[in-house]
Amino acid sequence: MVANSGLNSAQKNAVEYFDGPMMVLAGAGSGKTRMLVAKMAHLLQEANVGPYKIIALTFSNKAAREMRERVSRLCGINGQALTVTTFHSFCARMLRTEVEYFGLSKNFSIYDEDESKAIVKSILGKYGISPKEISPYDVLSYIDDLKNKGVYQGRENLEALGIDLDDPFFKYFDEYEHELHRSNALDFGGLITAVLCLFERHPHVLKRFQQRYEYILVDEYQDTNRAQLELLKLLASEHKKICVVGDEDQSIYSWRGADINNILDFEKHFTNVKIVKLEQNYRSSAHIIKAASAVIGNNVLRKGKQLWTENDEGEKITIAELETEKDEANFVLSELEKIRKAGQEKYHDFAIFYRNNFQSRPFEDVLRQKNIPYRIVGGIKFYDRKEIKDVLAYLRLVVNPQDSLALSRIINIPTRGIGATTLKKLEDLAGQLNLSLWGAIEKLLAGADDFGIRLTPKIKLALKNFASFLGECIYLNEKGTSPKIIFEKVIHESGYLDELRAMRDYESAARIENIGEFGRAIEEFQSATPNATLAEFIEGITLDTTQNLDTDNQMGEISLMTIHGAKGLEFPFVFVVGAEEGIFPSSKSMERGQNSVEEERRLFYVAMTRAMEKLFITFVRGRVLWGQLKFNGPSRFLFEVPKENTIWSQNKKPNSLLEDVGKEHGAFDNYDFSQEVDHERYVIHEKAKAPPPNVKFQKGSRIIHTVYGKGTVLDTEGFGAEEKVIIMFPDGAKKRFLVKFAPITADHN
């Protein structure tokens with residue numbers, strides 16, 4: 001029994017059971033993939049089951065490919081004979097073979113998010129609704145939620161699924177599905193629901209697939225949604241030989257539709273279920289496993305496992321308190337280099353985990369400055385991210401208006417109606433006049449000659465407003481305005497932030513956070529060089545990001561990633577940074593209640609259990625977020641880590657201005673910053689928020705702008721430093737201003 005060799009008793013138990021439904025609760029680092037591969041090999045070799053009778057479902061093509069290859073090597077068979085695939089690939093392949101039953105042709109398209117968004121915008125437009133009134137992303141999110149629950153067009157008894165048929169968005173779902181069908185297309189979520197619909201309406205098709213797949217194996221079961229659960233129940237109802245493998249303590253994707261109740265309530269969906277727990281951890285030291293187990297033990301939504309290990313006790317977890325995020329980055333690099341030099345470890349042995357993408361920037365900056373190779377795993381380096389490149393293009397253009405590449409990048413970002421056709425006309429004019437693109441636009445707007453370019457009044461107005469806004473920014477830069485002020489004007493008055501906020505999706509929220517962190521980079525630059533110019537800031541960024549890093553393959557690269565991206569990975573040395581209230585757990589999770597905080601705790605547990613030898617967790621006393629110094633205090637999760645498994649390291653600077661400011665605001669009340677941390681004394685204080693101050697300019701008030709003259713405030717938004725106004729001037733032009741930077745005064749005449 002080659003497949004079973006080297007397995008522990010629990011793993012063997014899971015491999016050899018086939019008499020009915022089974023759920024394998026596989027703790028972190030417990031060898032669940034090895035067990036799954038051994039189970040498939042056991043079926044093929046010992047039980048003489050044909051490969052066509054087995055289906056294994058997972059969530060990524062990479063995981064499916066690796067599992068297929070491992071079974072092939074172990075059994076000496078052609079891996080292509082095995083159905084090891086993702087849920088969506090399986091459904092797509094099935095639908096293409098059964099098209100006659102659901103009204104699409106074999107070559108149906110699978111629409112991505114952009115194509116789905118275009119359909120929704122078209123539907124809203126038909127009702128005369130602009131994207132500002134109802135965000136297409138809100139509608140798409142609603143539709144995605146329906147499909148995660150297994151809703152398809154024409155499905156009966158939707159009330160039993162908790163669907164409100166009177167919800168005004170439900171009609172958009174119906175029209176959206178109709179448009180997809182008319183285009184011979186499905187979207188990603190529709191691949192699953194189309195199969196549910198197929199099985200419901202054509203039982204003989206379901207019967208055929210039930211008879212074919214006698215053995216069903218599911219990896220990462222905690223990540224399934226309701227629709228996928230329904231699919232599994234239908235497929236398994238004939239033979240009932242289903243084995244799901246998962247870990248409720250690593251369920252961290254609810255925002256993608258994953259439903260932790262699928263694993264918590266497995267015994268309600270299947271009868272006579274066998275439960276096997278894989279609790280022996282092979283990855284981490286004893287200190288790490290004991291600490292992680294103690295933290296996750298505070299969750300209520302779990303089946304209950306107790307990880308243990310035969311590995312050495314190892315080093316205690318270091319919990320380090322730093323002053324600022326810059327000190328945090330320097331501390332991580334210092335500790336990393338100490339370990340590397342002491343034991344000759346390679347850079348690829350180290351990983352830095354953070355809760356949010358924007359937190360990578362200080363670490364990237366210090367690594368670039370020290371010429372140390374690194375990679376962003378599952379993401380893009382900070383200065384390569386689209387939103388950062390967009391804002392940089394604006395700033396480059398302010399410094400150098402002749403930069404045609406920068407101008408062509410952002411002339412229609414955010415959308416202004418200046419599309420590719422108009423841009424091509426402007427570029428042709430620039431070539432004709434031997435001018436830069438900006439020079440051609442100025443020439444076109446300055447005189448009566450239209451140079452044969454026909455533009456609609458709407459496009460002309462958009463071009464005029466854009467040129468006016470950009471001209472203001474150029475003027476501010478030429479008179480020596482600080483880089484921070486120009487940055488603020490660009491992101492607020494260009495409409496860039498407003499467009500991202502209107503999207504209201506996970507990715508756009510991350511982009512907004514990244515832009516805020518970019519502003520922090522400008523602040524740091526100004527603090528270090530008070531009289532420096534915007535041109536010098538851009539030059540420094542450009543030189544830093546284009547330098548050649550030492551990427552010696554023998555040394556590898558330090559891995560930087562979000563904790564969501566770290567799931568399934570392991571590293572000898574791990575740094576979990578930014579462990580502060582409001583960061584980790586996130587402020588949104590705390591607002592949403594206990595279940596969301598429990599998911600954050602699961603995420604913290606995932607981060608801890610990626611470490612093999614040494615784990616560092618850091619937090620800072622004061623962190624600047626969107627221009628404001630925040631004293632969040634250490635994460636509640638830190639006080640759930642047993643004292644006997646940790647060393648608390650204090651790195652407070654003498655005579656710290658930060659501490660003086662913090663004490664003045666009561667930020668450190670009841671927080672013991674001594675070396676011996678008193679866990680019991682720590683209390684998180686919710687400070688009463690001061691009532692928002694009155695806005696400076698009320699709607700309808702008259703103003704005077706030093707450049708544009710008199711005007712009327714049409715609308716106002718925000719208050720204090722974030723107050724924005726829309727003003728109409730006598731010529732009919734409407735302009736948006738960030739009040740703290742705009743040369744506006746009240747008109748008392």
May I have the step-by-step check of side-chain contact (heavy atoms from CB on, under 4.5 Å) for Ile727 and Leu714, ending in yes or no? CA-CA 5 Å; Ile727 298 172; Leu714 292 181; over 6 Å; no
Can Asn465 and Phe469 be said to form a side-chain contact (heavy atoms from CB on, under 4.5 Å), step by step? CA-CA 6 Å; Asn465 288 339; Phe469 156 71; over 6 Å; no
Please evaluate residues Thr318 and Ile617 with respect to the criterion side-chain contact (heavy atoms from CB on, under 4.5 Å), reporting the C-alpha separation (whole Å), side-chain torsions for both, the decisive distance (0.1 Å), and the verdict. CA-CA 6 Å; Thr318 295; Ile617 308 175; over 6 Å; no
Let's go through Thr324 and Asp327 carefully: what are the C-alpha distance in whole Å and the side-chain angles of both, what is the deciding distance for side-chain hydrogen bond (donor to acceptor under 3.5 Å, both in side chains) to 0.1 Å, and is it a yes or a no? CA-CA 5 Å; Thr324 67; Asp327 297 317; 3.1 Å; yes
Quick one: do Ile441 and Ile411 satisfy side-chain contact (heavy atoms from CB on, under 4.5 Å)? Show the steps, please. CA-CA 11 Å; Ile441 291 172; Ile411 194 170; 4.0 Å; yes
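Glu364 is linked by a side-chain hydrogen bond (donor to acceptor under 3.5 Å, both in side chains) to Ser360, Tyr374, counting only residues two or more places apart in sequence or in another chain. Every side chain to side chain contact (heavy atoms under 4.5 Å, CB included) that Lys479 has, sequence neighbours left out, goes to Tyr475, Leu476, Thr481. Shown here are the ring pair (Phe, Tyr, Trp, His ring centres under 6.0 Å) partners of Phe518, two or more places apart in sequence or in another chain: Phe487, Phe537. For Arg602, there are no side-chain hydrogen bond (donor to acceptor under 3.5 Å, both in side chains) partners, not counting sequence neighbours. Take Lys699 and apply the salt bridge (charged side-chain N to carboxylate O under 4.0 Å, His left out) test, not counting sequence neighbours, and it matches no residue. Considering only residues two or more places apart in sequence or on other chains, Asn477 meets the side-chain hydrogen bond (donor to acceptor under 3.5 Å, both in side chains) condition with none of them. For Phe616, the ring pair (Phe, Tyr, Trp, His ring centres under 6.0 Å) partners are Phe575, not counting sequence neighbours. In terms of the side chain to side chain contact (heavy atoms under 4.5 Å, CB included) criterion, residue partners of Asn412 (sequence neighbours excluded) are, by chain and number, Thr415, Arg416, Ile418. Under the side chain to side chain contact (heavy atoms under 4.5 Å, CB included) criterion, Ser482 pairs with Lys484, Ile485, Gln526, not counting sequence neighbours. Residues that satisfy the salt bridge (charged side-chain N to carboxylate O under 4.0 Å, His left out) test with Lys389, not counting sequence neighbours, are absent from this structure. Contacts of Phe350 classified as ring pair (Phe, Tyr, Trp, His ring centres under 6.0 Å), with partners at least two apart in sequence or in another chain: Phe573. Residues satisfying the side-chain hydrogen bond (donor to acceptor under 3.5 Å, both in side chains) criterion with Ser334, sequence neighbours excluded, are absent altogether.
Remark: the backbone N or O of Lys346 is paired with a side-chain donor or acceptor of Asp349 at under 3.5 angstrom. Looking at Gln650, its side chain never comes within 3.5 Å of a backbone N or O of Ala320 through a donor-acceptor pair. Formation of a donor-acceptor pair under 3.5 Å by the Ser701 side chain with backbone atoms of Phe697 is not found in this model. Panel note: side chain His564, backbone Ile252; a donor-acceptor pair is recorded below 3.5 Å. A donor-acceptor distance shorter than 3.5 angstrom exists from the side chain of Asn400 to the backbone of Gln402, with no hydrogens or angles considered. Looking only at distances, no side-chain donor or acceptor of Glu524 sits under 3.5 Å from a matching main-chain atom of Ala521.
Taking 4.5 Å as the limit, some side-chain heavy atom of Leu615 sits within range of a side-chain heavy atom of Met608. Taking 4.5 Å as the limit, some side-chain heavy atom of Arg355 sits within range of a side-chain heavy atom of Ser586. By the 4.5 Å heavy-atom criterion applied to side chains, Phe637 and Val576 are not counted as neighbours. Side-chain contact between Ser508 and Arg501: absent, with no pair of heavy atoms (C-beta onward) separated by less than 4.5 Å. Considering only heavy atoms from C-beta on, Val574 comes within 4.5 Å of Phe353 through its side chain. Looking only at side-chain heavy atoms (C-beta outward), Ile726 and Thr716 stay at 4.5 Å or farther from each other. Side-chain contact between Val577 and Phe363 is present, with at least one heavy-atom pair separated by less than 4.5 Å. Glu493 has its side chain within reach of Glu472: a pair of non-hydrogen atoms, C-beta onward, lies under 4.5 Å apart.
Distance check: Ile376 CD1 to Arg385 CZ gives 6.0 Å after rounding to the nearest 0.5 Å. Note that the CD1 atom of Ile491 and the CG atom of Leu497 stand 4.5 Å from one another [nearest 0.5 Å]. For the atom pair CG (Leu638) and CD (Glu581), the distance works out to 9.0 Å, reported to the nearest 0.5 Å. For the atom pair OG1 of Thr562 and CD1 of Ile352, the computed distance is 13.5 Å after rounding to the nearest 0.5 Å. For the atom pair CG of Asp390 and CZ of Arg409, the computed distance is 4.5 Å after rounding to the nearest 0.5 Å. Taking NZ of Lys588 as the reference point, atom CD of Glu600 lies at 11.0 Å (rounded to 0.5 Å).
A donor-acceptor pair shorter than 3.5 Å cannot be found between the side chains of Ser494 and Lys489. Ser635 and Glu580 share no side-chain donor-acceptor pair at under 3.5 Å. Using modelled atom types and a 3.5 Å distance limit, the side chains of Ser141 and Asp138 yield no donor-acceptor pair. Counting only N and O atoms by type, the side chains of Asn514 and Glu387 include a donor and acceptor under 3.5 Å apart.
Arg601 has no carboxylate O lying under 4.0 Å from a charged side-chain N of Glu598, or vice versa, which leaves the two without a salt bridge. The pair Glu345-Arg340 does not meet the salt-bridge criterion, since no charged nitrogen lies less than 4.0 angstrom from a carboxylate oxygen. With respect to the salt-bridge test (charged N to carboxylate O, under 4.0 angstrom), the residues Asp365 and Arg368 qualify.
Each of Leu534, Ile474, Ile522 was compared with Ile486 under the side-chain contact (heavy atoms from CB on, under 4.5 Å) criterion, and only Leu534 meets it. Shown are Gln359, Arg623, Arg520; of these, the side-chain hydrogen bond (donor to acceptor under 3.5 Å, both in side chains) with Glu325 is made only by Arg520.
Separation of the Phe639 and Trp648 ring centroids falls under the 6.0 Å cut-off. Taking the ring centroids of Phe737 and His492, they lie at or beyond the 6.0 Å cut-off. Centroid-to-centroid, the aromatic rings of Phe571 and His348 stay 6.0 Å apart or farther.
Between Pro414 and Tyr496, the shortest heavy-atom distance links the atoms CG-N, 3.7 Å.
Within a 6.0 Å sphere centred on NZ of Lys386, other residues, nucleotides and ligands contribute more than 12 heavy atoms.
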